[in-house]
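These notes concern the structure reproduced below.
Not measured: the values here are computed from a predicted model. Order of the sequence lines sets the chain letters (A, B, ...), proteins ahead of strands, with each chain counted from 1.
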Number of protein chains: 2
Amino acid sequence: MKSRSEQLILELGKRIVLGEYIPGEILPKVEDLSEEYYVSRTVVREAYKGLSTLGLVRSNQRSGTVVLPRSEWQWWNIEIMTWLLEDPNNKDFILHLTEVRMGLEPIAAALAASKGTEQDRINIKEAFQKLEQSVGDEKAWIKADYDFHESILKASNNDLLIGTIRIMRKALTVSREKTLPLTNDNQEFSYDSPTKAALEKHRMIYEAIMSRDEETAKQKMMELILRVRTILQKIFN
Amino acid sequence: MKSRSEQLILELGKRIVLGEYIPGEILPKVEDLSEEYYVSRTVVREAYKGLSTLGLVRSNQRSGTVVLPRSEWQWWNIEIMTWLLEDPNNKDFILHLTEVRMGLEPIAAALAASKGTEQDRINIKEAFQKLEQSVGDEKAWIKADYDFHESILKASNNDLLIGTIRIMRKALTVSREKTLPLTNDNQEFSYDSPTKAALEKHRMIYEAIMSRDEETAKQKMMELILRVRTILQKIFN
DNA sequence: AATTATTTGTCCGTATGTATG
DNA sequence: CCATACATACGGACAAATAAT
């Protein structure tokens, strides 16, 4: 169970991100919020501290707690990212995220090819074999696909990159799970479908990494993500 | 003036990031820290809430406040990033950051070429002209170089990408300012030096964006950053 | 399985600090 | 310089969770 201050952070943070409170606006003072939500001032204060660490608000004595401009937000926070992806008025965000992904995932593949250790390569090999065995099986494919990309990511041996891509992928997964039931076109919307053709695209990446060909690894990974981006653009525009 | 809880967040956060407290370790209980730092329990509690939002710790009833593994940290927080860059035992981080940059800045250049508005292009043009006028002037070059990259970044019209690269660049600037006085080799270490040759590299990017050639823009930007990476590797290895 | 001990979580009365008008 | 309005800080009390016994 989450503490009350955490619940309040979720409540207020979501409202800010979804634009219910706009940048520059003054939030209710601690005492008023405390009454409104039937919690102590302590809880409200801790919530404001959390929101302030997320870059969503800044508290000032006398003038109160103000909503900060979007440029101050901590975009790479899993909650904030999830809220942005859920926002139906903010379809741009998923495209923006995909664009960033176009930058990062190919780099991860290139680094896996150039810096991956022997153990990393063994892991990637095993993950690819699982993927081969999952053709035709939707559920198994999704997991194997996730693990395959994860094994490449780990082989980049770059903690920052690993953390960043993980958040991105987690947020996209949550968003997909919430959005999928609403669309007819599940097959096309998912990361990629469990077909023989999709497997071959993955094989290209796999073989490039194994032969330490970073340029090809980068390029083939880019092609995979470009396909997703094209699909998303079709859906949203 | 910073509030006491913020001071405490800085104090404890830095210690965690620099490895003085290691993941899994239990921090002192609220009451003890309160005595140690001569602050109220309220202040300590708010500090813990802030650190918890940064992904550095998690508080549990009865078992105390524990330092979380690196995979949970909010890497894209300006304080955390600055601490990591300052850490002399963590030379890898600046290389890792440069690798991420290799992913992001070229994408920003490509998007500027493909999606930049007329106003964006005017801004980039002006920024490049300033750069041309700064050849030979170290101080002016640094500013003009920053503004040139910033104008490209803005033209990507992707808030997420803009926010992310800004944090990265801010952290690198802080790090450079703190590290530079220690090295002899200032010229080579800086982003790039104010020479005619460096200007020509920038001109390639500029012209590619102007002619909406996203492939070339991406590639030339990548070359610029690859050079920095090579220099860093020389310095640190 | 029940009890206890320990630590965070919550509440609130009070006091101080600080920027604004 | 004073009054005001807000955040900030203090500390005593109790509630809730959970590890240890």
Step by step, work out the salt bridge (charged side-chain N to carboxylate O under 4.0 Å, His left out) result for B:Glu150 and B:Lys154. CA-CA 6 Å; B:Glu150 185 72 16; B:Lys154 277 198 72 175; over 6 Å; no
Value in whole Å for how far the P atom of C:dT8 lies from CG of B:Leu51: 13 Å
So does A:Thr65 reach the base of D:dC6 with its side chain, donor to acceptor, closer than 3.5 Å? no
Using whole Å, report how far NZ of B:Lys2 lies from C1' of C:dT18. 17 Å
Please tell me if B:Arg45 has a side-chain N or O lying less than 4.0 Å from either OP1 or OP2 of C:dT8. no
Side-chain donor or acceptor of B:Ser134 paired with backbone N/O of B:Asp137 under 3.5 Å: no
B:Leu8 has an atom CG; how far is it from atom C1' of D:dT8, in whole Å? 14 Å
Which nucleotide in D:dA9, D:dA7, D:dA16 has an atom nearest any side-chain atom of B:Gln61: D:dA16
When you look at B:Glu11 and B:Arg15, which way does the salt bridge (charged side-chain N to carboxylate O under 4.0 Å, His left out) test go after all the steps? CA-CA 7 Å; B:Glu11 173 79 24; B:Arg15 286 203 189 164; 3.0 Å; yes
Just how far, in rounded Å, is C1' of D:dA5 from CD1 of A:Ile26? 12 Å
Answer yes or no: side-chain N or O of B:Arg41 and base N or O of D:dT8 forming a donor-acceptor pair under 3.5 Å. no
Value in whole Å for how far the P atom of C:dA19 lies from CZ of A:Arg58: 14 Å
Between C:dG9 (C1') and B:Lys29 (NZ): distance, integer Å: 15 Å
Report the residue (A:Val43 or A:Ser63) whose heavy-atom-nearest nucleotide on DNA chain C is the more 5′ of the two. A:Val43
Shortest side-chain distance from A:Ser59, nucleotide among D:dT8, D:dA16, C:dT10: D:dT8
Please check the phosphate of C:dC11 (OP1 and OP2 only) for any side-chain N or O of A:Ser40 closer than 4.0 Å. yes
Expressed as a whole number of angstroms, how long is the span from B:Asn60:CG to C:dA5:P? 22 Å
Using only side-chain N and O atoms of B:Ser3, determine if any of them is under 4.0 Å from OP1 or OP2 of D:dA7. no
When the ring centroid of B:His202 is compared with that of B:Trp141, is the distance short of 6.0 Å? yes
Using whole Å, report how far CD of A:Gln7 lies from C1' of D:dA16. 14 Å
Is it the case that the base of C:dT20 and the side chain of A:Arg62 share a donor-acceptor contact (distance under 3.5 Å, atom types as modelled)? yes
With distance as the sole criterion, do the side chain of B:Arg4 and the base of C:dG17 form a donor-acceptor contact below 3.5 Å? no
Working to the nearest 0.5 angstrom, can you tell me the gap between B:Asp92 CG and A:Asp159 CG? 9.0 Å
Which nucleotide in the list D:dA7, D:dA9, D:dC10 gets nearest to the side chain of B:Thr42? D:dC10
